[in-house]
Amino acid sequence: MERVVVVGGGVLGTMHAVAARRRGLDVVHVEREPEPRGASVRNFGLIWVSGRAPGPELSLALRARAGWEGLAADVPGLGFRAHGSLTLASSEAELQLLKEAAALPDAAVRGFELLDPAAARAVNPALRGEFAGALRCRRDAIVEPRLAQRALREHLLEGGSGYTWLPGREATEIAPHAVRDHTGAWHRGDLVVVCTGATHTGLAGPHLAGYPQPPVRRVRLQMLQTEPFDGRLTTAVADGDSLRYYPAFDLPGRHRLPPQEPAAASVRAQLLLVQRLDGSLTIGDTHSCDEPFAFDVDEDAYDHLRGRAEALLGTALPRTQRRWAGVYSQVTGTELYHRSQIAPGVILVTGPGGRGMTCAPAIAEETFA
Ligand SMILES: Cc1cc2nc3c(=O)[nH]c(=O)nc-3n(C[C@H](O)[C@H](O)[C@H](O)COP(=O)(O)OP(=O)(O)OC[C@H]3O[C@@H](n4cnc5c(N)ncnc54)[C@H](O)[C@@H]3O)c2cc1C
């Protein structure tokens with residue numbers, strides 16, 4: 001193999017370009033937008049190991065985290081920080097579940113440690129609000145989603161003539177070992193990797209319209225970013241609602257949690273909070289699978305998320321500077337992501353769901369392995 005064509009400039013496409021260049025392959029990288037605008041620039045930048053299911057999912061996430069860390073040594077623009085996370089319990093029931101998680105056989109691999117409130121504040125002094133205890137995960141990390149893809153592309157471009165970035169080109173047709181963009185130009189390679197994210201129509205459409213159930217679905221999330229916060233968060237933070245969603249916490253204690261607060265339940269909210277390099281706070285999220293998705297963002301969800309963050313930080317948040325929604329592609333079956341051959345020499349990789357930013361480096365390595 002000598003030449004690879006990658007379609008899609010999100011984190012999956014970009015990590016495939018990185019993996020191909022690492023093997024000395026020439027890469028042509030096609031993206032329909034002038035700059036990627038998909039899930040990869042809209043996310044938290046959480047490299048999230050803590051919530052992964054034991055077994056293959058945890059293993060994929062750990063390999064990917066090592067991949068991010070390794071890349072960060074060469075690409076400081078990723079903003080990689082091995083800050084870990086604190087998941088905060090607000091009730092006795094949530095605390096019991098954290099205790100079960102801290103006793104898991106793979107707790108040490110995840111870097112889990114149960115902390116009382118004083119110990120949690122010693123780790124992250126910005127947490128001046130009320131909570132019953134915390135689960136620390138030392139393996140969780142942070143990157144800067146708005147900067148990471150561009151930083152990786154610049155790194156590849158610095159590496160010489162083997163990488164060609166073609167933004168503003170929408171791929172419209174597939175043929176064996178080739179893809180055509182909307183200008184009519186064909187791009188040929190020994191391998192074409194299609195990473196078109198949550199665009200489940202277009203090129204990928206015929207291959208994702210499974211019967212009786214398509215292999216992927218779309219999920220929409222609401223997010224916000226504040227103005228710079230007057231304080232430093234030394235970890236990422238999650239609230240107890242996150243225990244309801246992540247598979248690692250599918251333990252007996254989850255079934256003893258009381259019903260979720262209506263304001264959170266109505267939008268399937270969990271609080272995740274990450275401080276950006278400029279001091280601002282990225283806060284989310286909500287989850288909706290009901291299409292057609294709203295084209296506008298809902299303020300009730302933001303009231304809830306800001307209220308949760310203020311309760312845990314014990315202080316008022318800065319003004320909201322930005323609001324947005326993002327959509328990711330998620331497999332509907334038990335696999336960790338979707339990979340299929342859609343023509344000779346053409347493979348489609350999508351559907352990693354809420355673990356896509358975390359797992360992208362390892363997913364790309366698996367394609368070439
Ligand atoms: C709000 C939000 C928060 C999240 N938080 C996290 C997190 O903190 N940690 C985590 O691990 N995961 C997170 N995720 C999930 C993660 O962001 C996604 O799984 C991941 O970004 C998917 O990457 P992708 O490259 O497949 O898709 P995308 O980033 O959407 O990229 C697809 C690209 O393909 C391009 N494209 C589409 N069709 C064509 C075509 N025909 N021709 C050329 N280009 C095309 C698009 O323009 C786009 O740039 C989050 C997702 C969202 C939405």
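Whatever order the structure lists them in is the order used to number ligands and atoms, beginning at 1. All values below were derived from every heavy atom in this structure, side-chain atoms included, with hydrogens, water molecules and symmetry-related copies excluded. Because the structure is a prediction, the values reported are computed rather than measured.
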Is Arg3 paired with Asp26 through a side-chain N to carboxylate O contact shorter than 4.0 Å?
no

Nearest heavy atom to atom 37 (C) of ligand 1: which of Thr172, Thr196, Leu221, Val7 does it belong to?
Thr196

Between Arg323 and Glu299, is there a salt bridge with N-O shorter than 4.0 Å?
yes

Using a strict cut-off of less than 4.0 Å between a Lys/Arg side-chain nitrogen and an Asp/Glu carboxylate oxygen, indicate whether Glu365 and Arg22 qualify as a salt bridge.
yes

With heavy-atom distances below 4.0 Å as the criterion, list the atoms of ligand 1 near Gly45.
8 (O)

Gly354 N/O to ligand 1 N/O under 3.5 Å:
yes

Answer side chain, backbone, both or neither: which part of Glu170 comes under 4.0 Å from ligand 1, heavy atoms only.
both

Mark up the atoms of ligand 1 that fall under 4.0 Å of a heavy atom belonging to Gly8, in ascending order.
33 (C), 34 (O), 35 (C)

More than 12 heavy atoms from other groups under 6.0 Å of CD on Glu33
yes

Mark the output for Cys195 as yes if a heavy-atom distance to ligand 1 is under 4.0 Å, and as no if none is.
yes

Between Ser85 and His83, is any side-chain donor less than 3.5 angstrom from a side-chain acceptor?
no

Hey, which atoms in ligand 1 end up nearer than 4.0 Å to a heavy atom of Arg42?
1 (C), 2 (C)

Would you call Lys99-Glu94 a salt bridge at under 4.0 Å N-O?
no

Out of Arg32, Arg220, Met223, Glu31, the nearest non-hydrogen contact to atom 35 (C) of ligand 1 is supplied by Glu31

Atom 27 (O) of ligand 1 has as its nearest protein heavy atom Gly197 CA, 3.5 Å

Within-shell test, Thr199 vs ligand 1, heavy atom, strictly < 4.0 Å:
yes

Salt bridge or not for Glu291 and Arg218, using N-O below 4.0 Å?
yes

Nearest non-hydrogen contact with atom 29 (O) of ligand 1 belongs to which option: Gly351, Ser40, Cys359?
Ser40

Got a second to check how far Arg306's CZ is from Leu273's CG, nearest 0.5 Å?
11.0 Å

Mind checking whether Gly353 has a heavy atom under 4.0 Å from ligand 1?
yes

Between Glu158 and Arg153, is the closest basic N to carboxylate O distance under 4.0 Å?
no

Pair Arg339, Thr367: side-chain N/O donor-acceptor within cut-off below 3.5 Å
yes

Against heavy atoms of Val11, which atoms of ligand 1 measure under 4.0 Å?
20 (C), 21 (O), 23 (O), 25 (O)

For Glu261, is there an ion pair with Arg308 - N to carboxylate O distance below 4.0 angstrom?
no

Short list, please: which atoms of ligand 1 are under 4.0 Å from a heavy atom of Glu33?
47 (O)

Answer yes or no: is there an ion pair linking Arg355 with Glu57, defined by an N-O contact shorter than 4.0 Å?
yes

Looking at ligand 1, does Tyr328 have a heavy atom less than 4.0 Å from it?
yes

So, is Thr358 polar-close to ligand 1, with some N/O to N/O distance under 3.5 Å?
yes

Identity and distance of the protein heavy atom lying nearest atom 26 (O) of ligand 1
Leu12 CD1, 3.4 Å

Which bit of Ala39 is near ligand 1, meaning a heavy atom under 4.0 Å away: side chain, backbone, both or neither?
both

Would you call the rings of His29 and Trp165 parallel, tilted or perpendicular, where under 30° means parallel and over 60° means perpendicular?
perpendicular

Which heavy atom of the protein is the closest neighbour of atom 40 (C) of ligand 1, given with residue, atom name and distance?
Ala171 N, 3.7 Å

Quick one: does Val327 get an N or O within less than 3.5 Å of an N or O on ligand 1?
no

Pair Ser40-Gln149, side-chain donor/acceptor within less than 3.5 Å:
no

Atoms in ligand 1 with a heavy atom of Pro352 nearer than 4.0 Å:
19 (O)

Test your reading of the structure: does Gly38 have an N or O sitting under 3.5 Å from an N or O of ligand 1?
no

Contact partition for Leu46 relative to ligand 1, non-hydrogen atoms under 4.0 Å
both

To the nearest 0.5 Å, what is the distance between CG on Asp241 and CG on Asp285?
10.5 Å

Just to confirm my output: which protein heavy-atom neighbour is closest to atom 5 (N) of ligand 1, and how far is it?
Asn43 CB, 3.0 Å

So, taking the atom named OH in Tyr246 and the one named CZ in Arg254, what distance separates them when rounded to the nearest 0.5 Å?
11.5 Å

Looking at ligand 1, does Arg169 have a heavy atom less than 4.0 Å from it?
yes

Return the residue, atom name and 0.1 Å-rounded distance of the protein heavy atom closest to atom 31 (O) of ligand 1.
Gly10 CA, 3.4 Å

Could you tell me, atom by atom, which parts of ligand 1 come under 4.0 Å of a heavy atom of Gly326?
53 (C)

Is it the case that ligand 1 has an N or O less than 3.5 angstrom from some N or O of Met357?
yes

